[in-house]
Amino acid sequence: MPESLAGFLSIPVLLFLIFALGAVSTAVSCVLTPNPVRSALFLVLNLFCVAILYLLLNAYFLAVVQVIVYAGAIMVLFLFVIMLLNLGSPERIPDQMKWQQPVAVGAGILLAAMLTVTIASSVPSFAPATSLPQTARRTTLDAREPGASQTMDNSAILDDIARRPETMGTPYGIGKNLYNPDKPWLFPFEMVSFLLLVAVIGSVSLAGRQTSEEKA
Amino acid sequence: METTYTIWQYLFTLPVHEIPWWAEVFRSILRVVIGLAFGLGLVPIYVWLERRMLGWVQGRLGPNRVGPEGLLQPIADVIKLFMKEDIIPTNVDRGLFLIAPIIALAPVIMSITVIPWNGSKSWGAVAPGLDIGILFLLGVASIEVYGVILAGWSSNNKYSLLGGLRASSQVISYELGMGLAIIAVLLMCGTLGLQDVVRGYDLRQPHEFVAGTVLNNGQGLINVLPLSGTGYTFYMLDWSSGFWDWNVFRMFPFGLIACVVYMISMIAETNRAPFDLPEAETELVAGFHTEYSGFRFGAFFMSEYANMAIVSTICVTLFFGGWLAPLGILNQVPISWIQALTQTPDSWVPWWANLINSLISALWIILKLFTLISMFILVRASYPRLRYDMLMRFGWKGLLPVALINLVLIAISLAVQHSFRDSLGTAGAWWVGQIIAWALMLAAMLVAFVSVRKSYASRQRDIASGEIPADSPIVRHPVALALPALTSTEK
């Protein structure tokens with residue numbers, strides 16, 4: 001048992017435990033803190049913890065984008081608005097919707113149950129990803145003799161990189177997979193960006209309407 | 001393969017995939033020390049340079065008593081800051097007040113990690129192998145503002161809060177232009193690794209270069225010459241390369257436009273004159289750090305100057321060829337010369353040869369850095385502070401559209417180049433793509449020009465019909481290319 005425990009507690013697993021704990025505790029603090037600025041800051045910390053969890057999954061691109069978009073842009077805007085409105089600790093608002101509480105508890109239990117069932121049924125064991133057999137990871141890139149050819153066959157090497165599990169999460173792997181016309185992800189990706197554009201145009205038109213009413 | 005290496009080779013010269021973990025730990029620590037020494041050790045010199053140069057511009061002396069030419073003045077200032085009382089006003093948000101200077105300084109130090117000072121994959125930066133370098137820089141730049149916001153909010157002071165709010169809105173606005181300029185470089189180079197950005201390859205390097213490898217840099221073939229026979233990873237460009245290969249001159253003029261956008265944004269990002277509204281003395285006392293004293297103020301001061309150095313180094317790295325010399329021949333002392341001089345065999349290189357070449361690389365990057373810092377200082381000495389609405393308008397309606405159009409034109413040019421590369425060759429495809437992009441750029445400029453003219457004409461009509469008085473102020477615009485709505489006759 002101690003032997004298997006030592007095998008279980010490798011450095012990635014330890015890091016995962018630390019930052020998963022951090023993510024959960026900051027999320028809980030974010031909800032429970034009455035001060036809105038501190039609550040927003042706990043959310044920032046939570047986003048950082050989740051970004052590190054992405055790093056541990058070899059998803060470097062996702063991790064950095066998480067920091068840029070959420071921690072860096074959206075949360076700064078949150079803080080900006082909170083400070084601009086100068087929100088202090090709010091007084092306790094009388095709860096208007098009494099029926100909300102039992103429904104929320106029920107929905108939470110349902111979600112937790114679904115997550116538990118899904119995880120329990122899909123993950124057979126907690127074997128770390130590094131225990132893949134080494135031969136399975138050998139690809140044409142490793143087989144290439146250094147100095148064998150004077151001009152490297154770039155496209156073959158680059159395709160190879162996109163297929164490897166440890167480089168799939170790098171910007172290169174993401175680009176190769178996301179924008180590949182043979183794979184089904186290009187269309188949804190473009191649709192999402194289109195949706196965002198619609199949202200931006202909608203917000204601009206809403207803001208513009210307000211000013212024209214003020215002028216009138 | 002069973003060669004035994006000396007400990008010296010393990011620690012310094014062997015490529016990174018041939019060394020044990022303890023050697024890598026040693027190297028990492030040494031790289032961190034070098035990075036910190038570069039990043040923070042030069043800060044007193046910037047402070048001295050700024051005060052002396054401002055004095056020179058304004059016809060006075062500047063600090064010249066402590067040490068030779070006043071060089072020790074920053075050290076005296078630091079000692080003074082450390083000796084001062086660290087005042088914590090009552091009614092501040094204590095925890096955030098104490099931690100805000102640290103949050104301001106930490107991202108600046110973090111961004112040192114990816115800045116390369118030479119081309120070696122073992123020694124070129126604190127984290128030389130990081131292939132998301134540009135993204136990392138963007139991420140760190142986006143969290144830099146937290147220190148200022150928190151300092152402004154937690155001080156429980158209206159001036160601090162206003163300074164913090166101004167800082168956050170300003171940094172958010174200019175981050176967009178900055179990010180688009182950086183993405184333009186990313187597109188041109190096709191890589192996120194900063195070392196590869198400096199060398200301008202549009203090829204991701206899976207391993208170290210093989211001796212004599214011919215690489216395609218998008219505009220032609222570059223012969224990569226290894227500098228050493230020991231397997232030490234130090235490579236140089238061909239002697240025929242030079243400043244015309246830097247990203248600032250790439251895909252002319254789009255690289256140049258991206259560079260100008262970046263340089264304006266970086267001044268705004270560091271909250272310096274003429275964009276220093278967060279700490280405008282005439283309006284806000286000292287802005288977000290009004291309530292700070294002692295070494296906590298010192299941390300803000302240090303982060304501002306270190307940040308200035310970091311954004312300048314990023315600019316050098318992205319646009320001005322990083323550690324590369326303006327002429328290829330000045331890049332390095334060729335190993336063959338050293339071998340001839342010391343009469344060593346071809347397969348062996350004296351240990352100090354790579355050290356000398358590393359120092360030459362570091363020298364070039366420091367020279368470029370100080371050129372940019374001097375530009376910062378001269379801009380501060382020359383331009384008056386912008387008004388706040390001008391600042392925001394310039395960011396959103398001036399820089400952002402220019403950077404966006406620039407980015408789109410680069411993308412169009414690259415797409416055209418890509419589709420013509422097989423039929424016309426690299427150079428021919430480059431011309432086709434560039435001519436199409438130039439035509440589109442001229443069209444965009446024409447549209448902007450016509451719309452500005454139209455709005456001026458409508459103003460003239462309004463004046464002629466007596467709708468507005470002839471001496472009503474024209475809304476002044478920082479850039480002529482601003483959107484047509486700006487030039488409408490606002491009262």
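Note that these values count all heavy atoms, side chains included, but never hydrogens, waters or copies made by symmetry.
The two residues A:Ser39 and A:Thr33 come nearest to each other via the heavy atoms CB-O, 4.1 Å. Residue B:Glu269 comes nearest to B:Val171 through the heavy atom pair OE2-O, 3.2 Å, listed as atom of the first residue, atom of the second, then distance.
Residue-level contacts of residues 66-77 of chain A with chain B, in order of numbering, are A:Val67, A:Ile68, A:Ala71, A:Gly72, A:Met75, A:Val76, A:Leu77; threshold 4.5 Å between heavy atoms.
Contacts with chain A were tallied for B:Ser154, B:Ser169, B:Gly95, B:Gly164; B:Ser169 has the most, counting heavy-atom pairs under 4.5 Å.
Contact annotation: the side chain of B:Ile314 approaches that of B:Ile115 to within less than 4.5 Å [non-hydrogen atoms, C-beta and beyond]. Inter-residue side-chain proximity for A:Glu190 and A:Phe194 is flagged as unmet; no heavy-atom pair is nearer than 4.5 Å. B:Leu137 has its side chain out of reach of B:Ile182: every pair of non-hydrogen atoms, C-beta onward, lies at least 4.5 Å apart.
The distance between the ring centers of A:Tyr179 and A:Phe189 falls below 6.0 angstrom.
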